[in-house]
Amino acid sequence: MHFNHYGRDAVELAVALVNDRPAGPADLATRCVEAGFVLVGAPTDDDHRRLGRFLDLWYLVAATADENGRAAQMNSILDRYACPPRMTNHLGTGWHLHFRDDDVPVWRQVATLLGVGTAMHLTGRGIDRLGVCVADTCPRVYADTSRNGRQRYCSPACANRAAVRRHRARQS
């Protein structure tokens, strides 16, 4: 069985990269490898810069609350960064699907992975399973992979702080 690199790990990598931007090409490479994604080539400064622009677009998908608007944002990303699926054995590790051409720069490899993975998350789990944390002043995003689909905070820490604020407000 092949690892589905366009599945849950891809959207979780997108969240991690948006919430904590890679410091540079080496950090980008390390984080992709830690997420189980094999890069074809080493990231450059240009890859780092271009992926940063892609992550800005990806953030808009998470920040768009309206379902139709979110789908339109996601479709725009897919139009720009994904290709029709194609079978490839580019590393000799077995045949698998890519939604990109084989010879693309590293930033485009990552952008395609994050874009297609997010689209699969939104269509497979639900269009509302991505968002910006509802805690006051927290700009971080989350991908809801919970069983009940009710995540609204980026972390347990933000959820706990909000619960404490609500509790203190009721006490006063």
Inter-residue atom distance Asn160.CG - His167.NE2, 0.5 Å rounding = 13.0 Å
If you measure from the Lys or Arg side-chain nitrogens to the Asp or Glu carboxylate oxygens, is any gap between Asp27 and Arg31 under 4.0 Å?
-> yes
Is there side-chain contact between Phe99 and Pro85, with heavy atoms separated by less than 4.5 Å?
-> yes
Student check: side-chain heavy atoms of Cys138 and Cys154 closer than 4.5 Å | yes
Salt bridge (charged side-chain N to carboxylate O under 4.0 Å, His left out) partners of Arg129, counting only residues at least two apart | Asp144
Verify side chain to side chain contact (heavy atoms under 4.5 Å, CB included) between Leu114 and Leu55, making sure each step is shown before the conclusion.
-> CA-CA 9 Å; Leu114 304 183; Leu55 294 174; 3.9 Å; yes
Apply side chain to side chain contact (heavy atoms under 4.5 Å, CB included) to Leu28 and Trp107, showing your working.
-> CA-CA 10 Å; Leu28 172 61; Trp107 75 270; over 6 Å; no
Hey, what do you get for CG (Leu17) to CG (Leu51), rounding to the nearest 0.5 Å?
-> 6.5 Å
Output yes when a side-chain donor or acceptor of Asn19 lies under 3.5 Å from a complementary backbone atom of Arg140, and no otherwise.
-> no
Would you check, one step at a time, whether the test side chain to side chain contact (heavy atoms under 4.5 Å, CB included) holds for Arg100 with Arg108?
-> CA-CA 8 Å; Arg100 62 173 174 80; Arg108 184 71 181 262; 5.6 Å; no
In terms of side-chain heavy atoms, does Thr118 have a donor or acceptor partner in Trp58 at a distance below 3.5 Å?
-> yes
Taking all atoms of both residues into account, what is the closest heavy-atom pair of Thr145 and Arg8, and its distance?
-> OG1-NH2, 3.1 Å
Co-membership, hydrophobic cluster, residues Met120 and Leu57, 4.5 Å side-chain | yes
Using a strict 4.0 Å threshold on nitrogen-to-oxygen distance, state whether Asp136 and Arg161 make a salt bridge.
-> no
Exercise: identify the closest heavy-atom pair between Arg86 and Asp101 = NH1-OD1, 3.0 Å
Kindly indicate whether the side chain of Val110, heavy atoms from C-beta on, has any atom under 4.5 Å from the side chain of Leu39.
-> yes
Determine all donor-acceptor pairs shorter than 3.5 Å in which one atom belongs to a side chain in residues 69-82; sequence neighbours excluded.
| residue | atom | partner | partner atom | Å |
| --- | --- | --- | --- | --- |
| Arg70 | NE | Val61 | O | 2.9 |
| Arg70 | NE | Thr64 | O | 3.1 |
| Arg70 | NH1 | Ile127 | O | 2.7 |
| Arg70 | NH1 | Leu130 | O | 2.9 |
| Arg70 | NH2 | Ala62 | O | 3.0 |
| Arg70 | NH2 | Thr64 | O | 2.8 |
| Arg70 | NH2 | Leu130 | O | 2.9 |
| Asn75 | ND2 | Ala71 | O | 3.3 |

Sequence neighbours left out, what passes salt bridge (charged side-chain N to carboxylate O under 4.0 Å, His left out) with Arg50? Give chain and number order.
-> Asp46
Does the side chain of Asp47 come under 3.5 Å of the side chain of Thr44 through a donor N or O and an acceptor N or O?
-> yes
Side chain to side chain contact (heavy atoms under 4.5 Å, CB included) between Asp9 and Leu13: does it pass, once the steps are laid out?
-> CA-CA 6 Å; Asp9 290 338; Leu13 177 61; over 6 Å; no
Look only at the side chain of His98 and the backbone of Thr88, and say whether a donor-acceptor pair between them is shorter than 3.5 Å.
-> no
Euclidean distance, Leu113 CG relative to Cys32 SG, rounded to 0.5 Å = 7.5 Å
Here the gap from Ser146 atom OG to Arg125 atom CZ, rounded to the nearest 0.5 Å, amounts to 7.5 Å
Flag side-chain contact, heavy atom, 4.5 Å: Val40 against Val106 | no
Check for a donor-acceptor pair, side chain of Gln151 on one end and backbone N or O of Tyr153 on the other, with a separation under 3.5 Å.
-> yes
Grab the two heavy atoms, one from Asp56 and one from Arg21, that are nearest each other, plus how far apart they are.
-> OD1-NH2, 2.9 Å
